[in-house]
Amino acid sequence: MTDLLGGRLDAMLDSIPSAAGQVKSGKLLALGVSGAKADPELPGVPPLADSGLPGFEAVSWGAIVAPKGTPEDVLQKISSALKKTLEEPETKRMLAERGAGVLPSSSDDAAKKIDEEMQRWSAVIEKINLKLD
């Protein structure tokens with residue numbers, strides 16, 4: 001952010017909570033948001049998918065995972081405690097302040113999402129011929 005504001009970078013991708021203040025103050029121009037839809041924190045800033053990059057979506061997300069073979073009763077205990085925590089208003093408020101939402105799901109839903117993301121980004125890596133040094 002310092003380099004962008006100082007003119008050493010021409011553009012960057014950043015989280016909305018990190019950049020919104022600079023955009024609202026007029027120090028930065030938001031070209032688009034990387035989610036599939038506009039974000040209420042930056043009214044008037046369109047999704048990149050609507051701005052010449054059809055299908056573009058790149059958002060951060062997370063999941064809680066456990067080692068393979070973890071007993072089902074342990075998984076259920078963790079899942080129940082996590083669900084209870086994520087339903088608390090204070091948790092939702094703190095996450096919202098950081099630009100995060102809560103999408104509770106089952107372990108099957110999480111596994112499907114991980115698989116989809118692996119396929120999606122593997123295709124991007126292959127298409128641009130990205131190699132690790």
Side-chain angles (χ1 to χ4, degrees):
M1 182 62 70
T2 301
D3 286 336
L4 183 65
L5 291 169
R8 289 179 291 281
L9 291 176
D10 296 322
M12 71 182 266
L13 292 172
D14 197 6
S15 68
I16 290 173
S18 174
Q22 303 295 350
V23 171
K24 289 176 182 178
S25 74
K27 293 180 182 175
L28 293 179
L29 172 64
L31 301 176
V33 295
S34 64
K37 58 186 178 185
D39 190 287
E41 186 68 22
L42 293 175
V45 179
L48 292 171
D50 294 351
S51 302
L53 295 171
F56 184 89
E57 182 181 11
V59 295
S60 297
W61 62 275
I64 304 293
V65 296
K68 187 175 183 173
T70 301
E72 187 61 33
D73 63 319
V74 173
L75 294 174
Q76 289 303 320
K77 236 183 232 185
I78 293 169
S79 180
S80 178
L82 181 60
K83 183 176 180 185
K84 181 179 177 185
T85 300
L86 292 174
E87 289 173 350
E88 292 176 3
E90 181 65 8
T91 302
K92 288 181 180 182
R93 183 192 65 73
M94 288 176 17
L95 289 169
E97 285 176 358
R98 290 160 180 81
V102 176
L103 298 172
S105 63
S106 68
S107 57
D108 289 340
D109 292 337
K112 181 179 176 188
K113 175 71 172 172
I114 290 168
D115 186 53
E116 288 170 355
E117 290 288 289
M118 291 290 288
Q119 289 179 31
R120 177 178 182 206
W121 293 109
S122 293
V124 170
I125 290 167
E126 185 176 320
K127 183 174 183 173
I128 65 172
N129 197 29
L130 182 66
K131 303 288 183 203
L132 293 176
D133 290 335

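Counting heavy atoms of neighbouring residues, nucleotides and ligands inside a 6.0 Å radius, atom CD of Glu116 exceeds 12 of them. More than 12 heavy atoms of other residues, nucleotides or ligands lie within 6.0 Å of CD1 in Ile128, so this atom counts as buried by the packing criterion.
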Donor-acceptor pairs are to be reported for all side-chain atoms of residues 9-17 against protein atoms at under 3.5 Å, with residues two or more places apart or in another chain.
residue: Asp14; atom: OD2; partner: Ser18; partner atom: OG; Å: 2.7
residue: Ser15; atom: OG; partner: Ser18; partner atom: N; Å: 3.4

Exercise answer: donor-acceptor pairs, residues 28-45 side-chain atoms, under 3.5 Å, sequence neighbours excluded:
residue: Ser34; atom: OG; partner: Ala58; partner atom: O; Å: 2.6
residue: Asp39; atom: OD1; partner: Glu41; partner atom: N; Å: 2.8
residue: Glu41; atom: OE2; partner: Lys24; partner atom: NZ; Å: 2.7

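Taking CG from Asn129 and NZ from Lys127, the interatomic distance works out to 13.0 Å, rounded to the nearest 0.5 Å. Interatomic distance, Leu4 CG to Gln22 CD, rounded to the nearest 0.5 Å: 9.0 Å. Taking CD from Glu117 and OG from Ser122, the interatomic distance works out to 10.5 Å, rounded to the nearest 0.5 Å.
Annotation: salt bridge (Lys or Arg N to Asp or Glu O under 4.0 Å) contacts involving residues 75-94, sequence neighbours excluded, comprise Glu90-Arg93, Arg93-Glu97.
Side-chain heavy atoms closer than 4.5 Å link hydrophobic residues (I, L, V, M, F, W, Y) into clusters, and following such links, even through other members, never connects Trp61 to Leu95. The hydrophobic cluster containing Val23 also contains Leu5, counting ILVMFWY residues as joined when their side-chain heavy atoms lie under 4.5 angstrom apart, directly or transitively.
Taking both residues in full, the closest heavy atoms of Ala110 and Ser105 are given as N-OG, 4.1 Å, listed atom of the first, atom of the second, then distance.
The side-chain heavy atoms of Met1 and Asp3, taken from C-beta on, include no pair separated by under 4.5 Å. Using a 4.5 Å cut-off on side-chain heavy atoms (C-beta onward), Ser106 and Asp109 make contact.
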